[in-house]
Amino acid sequence: MKRGLGVLVAALAASSISAQTIRPVANAAVVTARVRSELPAGTEELSGTALRGTGAVAFGRFHLLASYLQGSVQPDGGAGQSRDLAEGTVLLGAVPFKWLTLETGPYARAYSTPGATTQRWVFWELRARAAGAFIGSAVHGYAELWRALTADVNVPEPFDHAEGGEAGMIVRLARSPLEGRLAYRIDHVVLGGGSRTETVDGVIIGIGVAWR
Amino acid sequence: MKRHVAWLCALACAAGAAPSRGQAQTADTLFATGVRAYKNLEFDLAASLLRRDLARRNVAAVPVAERARGLAYLGAAEWFRGRRDSAVVVFRRLVMLDPRYRPDRLIFPPEVTSAFDAVRLQTKTALIVLPGDTAVVLGTTLYRFWIVVSSFQQIDVSLRYEDGAPFRPLYVGPVGDSLDMSWDGLDAAGGPPAVSRMVLRVLSRAPTGELASIVQVPLAVTLVPADTLPWPPGPAASDLLPERADGAAAKRALLGGLLVSSAVLVLPAVVGESDTPSEPRVAVAGTIGLATALGFILHRPGRPLPDNVRANQAQRDAWQQRIASVTAENARRRRDVRLTVRGGEPTTIQPRGP
């Protein structure tokens, strides 16, 4: 298994050397976030908006991506305290095929409530994204799935598993680095054998620049 | 007796086995003997031998220069025999044969050369000197030839059809010694010749205007049109881009949009969450669906593809330019028609006897 992975990485590295062009990508997005926490004591739902910034540098078939999201969510119905939501990821990616991207790296999320302990969730993820143009060369569609390999969570329940995904489209203007994005994302974390679930989903509307 | 008959037969066969060689030797012997007799002042014998020699040489294909030498010795022999009229006739034959001929003044005494010059001045004839097979570009380059006359005279140079009808007059006027002539390959109307055979004729006239001699040479002419370039082939169908969209792009837009919309709708179920509200997903999926519909319309089958139309038009324009250049080149080549001219054996006609 390790030998096969090594061969794959070596092949990708060899092909990336022949295309040594650094391509930066940056985009900003408004994310409508909705948090749903199901606890044995009851279900808590919060929603709000957040801003997400993403930057990436691609080198051949590899890239390094970092993103940061911050916003606040309020309880639906107005009762209860709002929470500050922050997320950050650092992912190292590879493109084995033109339509497939594999990424791995840490993903951290924090909920902070005034006067309460901040919940910290740290996952090591493995992501796979399939993408391709479907309206001419201007509109690309993509679908992404990720799964946590390991997690470190400061909540009483033990971590069970976490999965998530994102799907949407990217509109690229002809002969321009500008691009627009519309997508739907969801993260779903299960703890304590299903006694507690945390779900975050929302719509991403963003614009960015990508030098290709 | 039989042995004698057989020996005579063998001798006869041997003698008949090489008749031409024997004839040549006889001719050479006659000429040499005649010249020797002339030098020994035996003019009667010389005249007799040289006449026999010339009679043989006339039937054989003998070079003009050798026949002229024989005539010169014969004329001189006749002159010294006192037969001046015969000498004049022989000298006239010599002038008619080769107007350029001049007796060697180291061999023949002044009275002979003077007599010859007198005959030459009175004899009006011409010699046409043609080049070998020649190709000329019609109306551009010239077919050149040379006319040498025996003495000052009026000549009329013309090209004629085989039946004698005039084809094109070339020169009418006086000539003292010789004249360089040329023909541009065209007929009197400035067109290419419509026949493959014609005659170059030179009429010599006496000072009184009477016709003195006619020299003519048959000419075989051949029009050789230049090879024209073939038309350049048009753009092959495989080189042209489709100018109308096929259904592939529209199908891809439809299927891709359907796939992405479906992925958005089923994403919660894939990650194990089924209680999320559907509005955000439906909103995103619906927007993607609208984009898909727009993409399908933009890439509908049969819509014009302007980029491809422009690229194909550029190919067709380039082809038209090649056609135009080939047309111009072919027009130039058609104007560049060549005419090959081959001269035949000259013949001399004397309308009047000496």
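These numbers were taken from a predicted model, which means no experiment stands behind them. So you know, we letter chains A, B, ... as the sequences are listed, proteins then strands, and number each from 1.
- Of the atoms belonging to A:Ala183, it is backbone heavy atoms, and not side-chain ones, that fall under 4.5 Å from chain B.
- Contact tally against chain A (heavy-atom pairs below 4.5 Å) for B:Gly272, B:Ala285, B:Ala249, B:Ala283: the top residue is B:Gly272.
- Between chain B and the options A:Val139, A:Val171, A:Val203, heavy-atom pairs under 4.5 Å are most frequent for A:Val203.
- For chain B, no part of A:Ile204 is nearby; none of its heavy atoms comes within less than 4.5 Å.
- Of all the heavy atoms in A:Gly165 and B:Val271, the pair that sits closest is N-CG1, 4.1 Å.
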I'd like a table of the N/O donor-acceptor pairs between chain A and chain B - cut-off under 3.5 Å, distance only.
| from | atom 1 | to | atom 2 | distance (Å) |
| --- | --- | --- | --- | --- |
| A:Phe134 | O | B:Ala253 | N | 3.1 |
| A:Gly136 | O | B:Arg252 | NH2 | 3.1 |
| A:His188 | ND1 | B:Glu273 | OE1 | 3.2 |
| A:Thr199 | OG1 | B:Glu273 | OE1 | 3.0 |

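- Between chain B and the options A:Ala162, A:Gly136, A:Gly164, A:Ala133, the largest number of non-hydrogen pairs under 4.5 Å is found for A:Gly136.
- Heavy atoms from other residues, nucleotides or ligands lying under 6.0 Å from CG of A:Leu92 number more than 12.
- Residues B:Val264 and A:Gly168 come closest through the heavy atom pair CG2-N, 4.2 Å.
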